[in-house]
Amino acid sequence: MDAPIGDPERPSVKVEAGASALEVAATLAPHGQAEVLALEVDGEVVDLERRVPRGGTARALTFDDPLGRYTFWHSSAHIMAQAVSRLFPEVRLAIGPPIAEGFYYDMELPRPLTEEDFPAIEAQMRRIVAEDLPIVREEWTRQAALEHFARQNQPYKVEIIQDLPPDAAITCYRQGEFLDLCRGPHLRSTGYVKAPKLLSLAGAYWRGDERRPMLQRLYGTSFPTEAALTAHLALLEEARRRDHRKLGKELDLFTFEPEAAGFVFWLPKGMVVYRTLEEYSRQLQLSHGYVEVSTPWVYDVSLWKRSGHFDHYKDNMFFIPREDEQLGLKPMNCPGAALAFGSRVRSYRELPLRLMEYGALSRYERSGTMHGLFRVRGFVQDDAHIFLPEEDIAAEVGRILDLVDEVYRPFGMSYRIHLSTRPDDAMGEPQLWERAETALAEALAAHGRPYDLKPKDGAFYGPKLDFDLFDSLHRPWQCATIQLDFQLPRTFDLTFRGRDGQEHRPVVLHRAILGSLERFIGILTEHYAGAFPPWLAPVQVRVLPIAERHGDFAREVLERLVAAGIRAELDASDEKFGQKIRRAQLEKVPYMAVVGDREVESRTVSVRTRLEKDAGSRDLDAFVAEVADVIARRLASPAVAVDHA
RNA sequence: GCUGAUGUAGCUCAGUCGGUAGAGCACCUGCAUGGUAAGCAGGAGGUCUCGGGUUCAAGUCCCGACAUCAGCUCCA
């Protein structure tokens, strides 16, 4: 989970150890606002019923705070477990944490649950909420807790206690007849959880270990009001509606076939989106000083042994055995870029050398892990490797930050940056890491970019910046990544001749902005719900003659559009006019150009956009210019009418 | 890879107790030339995912494989 940063706007107060959390919360709670659920003291969440264990700066947590929500959902998980316990006294409980949008509880039951069990469990949950049971924190001794949970036939709880460090405080939370081992924190009573809902059911191994028993995981979510729950369920429904696998089929963009599981077949419509996006990315990078290379996609296994991929990545690689050699398909472009750089002597004058490559990558993903365009075995990244002297890192990262903004601009998605630092198993000297991390932080500061720190989350070969993009449903997608690599230049003994005439070791910046084009198109499909902006739309304009006699002028309109470089189609079918409209609308074509008697007469078109039934009529020239302009400027949607004729 | 579910026409799905398969949409043909989201009629389309097994008989029951889906694990 992300560590939420304290919001300086929220009222806070200094508290002493031993202060009543409830009283502190009361002083912080603005009237008429969301209910206070817990107290946060210097990042630690404190139950309202407790006394503050350590002094510090306190803030009130409500459902609007990530930590407040986690507390709410954590208690909700207990309510669910209590409900299940009432219905199935034999249940053996494992763990039940809050997650990004709700909670789950893993449990072992005498029989498999089905969704038909949900209403009974939910009814019981609502009863527990109505009972408004106080949730009481208790401190137990290790011995007493072990004996209690052993007696209650709760082997998973016993195992958890046994694995706690000997000096760990053991706390339990009691609500009515239900007692659960738990670190907390929790709400004051069950009555807060006004709107609980069970969502789904899945198997999950005890402690994520496939050799351990498979438990039943019950997912749920809950909200302080029915209205909030209803809104959340509507959002889930909207996400289902936008599923790119469903839209990809409906819009004829791509397909998957069992003969090549995990590899995309791009159909003509999808290929237009793919090429348009790739060409957009290519031109933008070329204008930012990048040069393009294409390197082999199959290498002798010795190359992969040298690069370290064979040791670290071979389970994710495809290999082709030959009689006396072993070949490996590339899962990454880096070694190819390194060999290309090393193909001749390099001068400092050439640096930074920005080699971009839209190379086809193959990664063996285990069956069961593939997921539409989001997780495939074959894909292309908007990849680049930048070779530069170490002292240029901050400046170059700054250029990449600018490029990232420019690449993302047309999509209207905001993002958040994470800086990941030196992991424990890192290669290379700590001082080098420190310099690199400082360079990244400086570049971010120089560009005024806020970021979250992810300590020890860097790659073993260098620190990195990751970008989470937020789509129209506010879901995060990790897309861009900027990784510093100190190892690659050493492994491939890359050097450049410096101003001083000596050989120097460059560093490598590995970066992708869209990430995988396949995955990015999946994200865009869901972001736009399949209604791509005109510049990306497979068909930008469909010309719709009302009757056969309008065919000649309709063809003329089509030719004019096509001549202007616009992807236009003529619906010359003998369907009724309403049917032609319906089809274009379902295919989410941004512009429809209607041609009937009036239009033939005046040499105009009547414009319908997928957003606006009647967008007025236009002189043919004006319409062509308007559409070309919206495409050229990569506007998000068809322009709305300005002149209703 | 693991657990569970699913797999029937291009798509969405129905198919009872085991008795050789059906709808809507899409497609093709004909009629209809229709002004902003579904005109009428006809036609064609199936190795019921694949391979075994049980049975007089399998879309249906059993076993296995493959793919997909939901999770887990992995991946970033």
Side-chain angles (χ1 to χ4, degrees), chain A residues 99 104 106 112-115 199-219 240 243 245-246 248-252 255-262 267 312-313 315-317 331-332 363-372 374-377 381 418 420 454 457-459 464-468 476-481 483 510 512 515-516 519 542 544-551 571-589 592-600 605-610 612-617:
Chain A
I99 51 177
Y104 67 80
D106 284 347
L113 292 176
T114 71
E115 297 205 353
L199 292 177
S200 62
L201 198 55
Y205 300 102
W206 169 231
R207 303 214 147 158
D209 183 340
E210 56 191 61
R211 292 163 308 202
R212 307 295 302 268
M214 169 71 70
L215 305 173
Q216 299 192 59
R217 175 169 295 180
L218 206 44
Y219 284 92
R240 265 193 291 280
D243 190 316
R245 294 168 297 186
K246 182 171 173 281
K249 189 172 281 183
E250 287 172 7
L251 299 174
D252 221 15
T255 186
F256 289 93
E257 300 295 324
E259 288 80 356
L267 301 173
H312 294 290
Y313 210 72
D315 289 347
N316 280 296
M317 287 180 62
M332 298 177 194
R363 295 183 186 176
Y364 178 78
E365 300 288 356
R366 298 202 293 177
S367 64
T369 59
M370 269 95 73
H371 184 89
F374 290 159
R375 188 84 176 269
V376 290
R377 286 175 170 166
Q381 291 178 326
H418 301 281
S420 299
K454 280 190 176 172
D457 202 40
K464 61 175 182 175
L465 298 178
D466 289 321
F467 294 66
D468 275 341
W477 302 96
Q478 207 229 289
C479 293
T481 182
Q483 307 184 355
H510 175 133
S516 130
R519 181 163 172 275
R542 182 161 294 158
L544 304 178
I546 287 172
E548 220 167 271
R549 66 177 176 280
H550 310 120
D571 186 346
S573 71
D574 52 10
E575 294 294 344
K576 290 197 70 160
F577 184 59
Q579 176 70 271
K580 295 183 184 181
I581 294 280
R582 178 177 155 81
R583 283 183 200 217
Q585 203 71 42
L586 288 175
E587 290 173 39
K588 304 181 194 290
V589 176
M592 285 157 260
V594 176
V595 172
D597 288 339
R598 293 199 297 270
E599 290 75 19
V600 171
V605 293
S606 282
V607 180
R608 177 184 170 121
T609 74
R610 66 184 167 215
E612 191 182 20
K613 279 177 127 175
D614 181 2
S617 70

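Every chain is numbered from 1, with letters handed out A, B, ... down the list of sequences. Quantities reported herein were computed from a predicted structural model and do not represent experimental measurements.
One side chain, A/E599 or A/S606, offers a donor N or O that lies under 3.5 Å from an acceptor on the other.
Between A/H371 atom NE2 and B/rA70 atom C1' the separation is 10 Å, expressed in whole Å. Between the CE atom of A/M370 and the P atom of B/rU73 there is a distance of 18 Å, given to the nearest Å. When the C1' atom of B/rG39 is taken as reference, atom CZ of A/R582 falls 14 Å away, rounded to whole Å.
Residue A/Q478 comes nearest to A/R519 through the heavy atom pair O-NH1, 2.7 Å, listed as atom of the first residue, atom of the second, then distance.
With contacts defined as side-chain heavy-atom distances shorter than 4.5 Å, the pair A/R608/A/Q585 qualifies.
Nucleotides B/rC75 and B/rC28 have their P atoms positioned 49 Å apart, rounded to a whole Å. Only the P atoms considered, B/rU20 is 14 Å distant from B/rA57, to the nearest whole Å.
Ranking B/rG35, B/rA67, B/rG39 by closeness to the A/Q579 side chain, first place goes to B/rG39. The side chain of A/P258 lies closest to B/rA67, out of B/rA67, B/rG35, B/rU12. Relative to the side chain of A/R608, the nucleotides B/rG35, B/rU68, B/rA37 differ in distance, and B/rA37 lies closest.
Side-chain nitrogen and oxygen atoms of A/R583 include at least one within less than 4.0 Å of the OP1 or OP2 phosphate oxygen of B/rC27. Side-chain N/O atoms of A/R245 include one lying less than 4.0 angstrom from OP1 or OP2 on B/rC69.
Although no hydrogens or angles enter the test, the distance criterion places a donor-acceptor pair under 3.5 Å between the side chain of A/R610 and the main chain of A/K588.
Residue-level contact check: A/R217 touches the backbone only, with heavy atoms under 4.0 Å from sugar-phosphate atoms and none from bases.
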Could I get a table of every N or O pair under 3.5 Å where one atom is in the protein and the other is in nucleotides 30-33 of chain B?
residue, atom, partner, partner atom, Å
B/rA32, N6, A/D574, OD2, 3.2
B/rA32, N1, A/D574, O, 3.0
B/rU33, O2, A/E548, N, 2.6
B/rU33, N3, A/E548, OE1, 3.0
B/rU33, O4, A/E548, OE1, 2.1

Dump the pairs, protein N or O against N or O of nucleotides 5-7 of chain B, anything under 3.5 Å, distances to one decimal.
none

All N/O contacts under 3.5 Å from nucleotides 74-76 of chain B to the protein, with atom names and distances to one decimal?
residue, atom, partner, partner atom, Å
B/rC74, O2, A/R375, NH2, 2.9
B/rA76, O2', A/Q478, OE1, 2.9

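Donor-acceptor pairing under 3.5 Å, judged by distance alone, is present between the side chain of A/E599 and the base of B/rG35.
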Dot-bracket summary - RNA chain B, pairs being Watson-Crick or G-U whose distances fall under 3.5 Å, with | when paired to another strand: (((((((..((((.....[..)))).(((((.......))))).....(((((..]....))))))))))))....
Audit row: A/S200, A/Y219, side-chain contact (heavy atoms from CB on, under 4.5 Å) steps and yes/no: CA-CA 5 Å; A/S200 62; A/Y219 284 92; 3.5 Å; yes
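Applying the ring-ring contact (aromatic ring centres under 6.0 Å, His included) test to A/H510 and every residue at least two apart in sequence or in another chain returns A/H385.
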Only distances under 3.5 Å count here; give the side-chain donor-acceptor pairs of residues 255-262 of chain A to other protein atoms, sequence neighbours excluded, each with its distance to 0.1 Å.
residue, atom, partner, partner atom, Å
A/T255, OG1, A/E257, OE2, 3.2

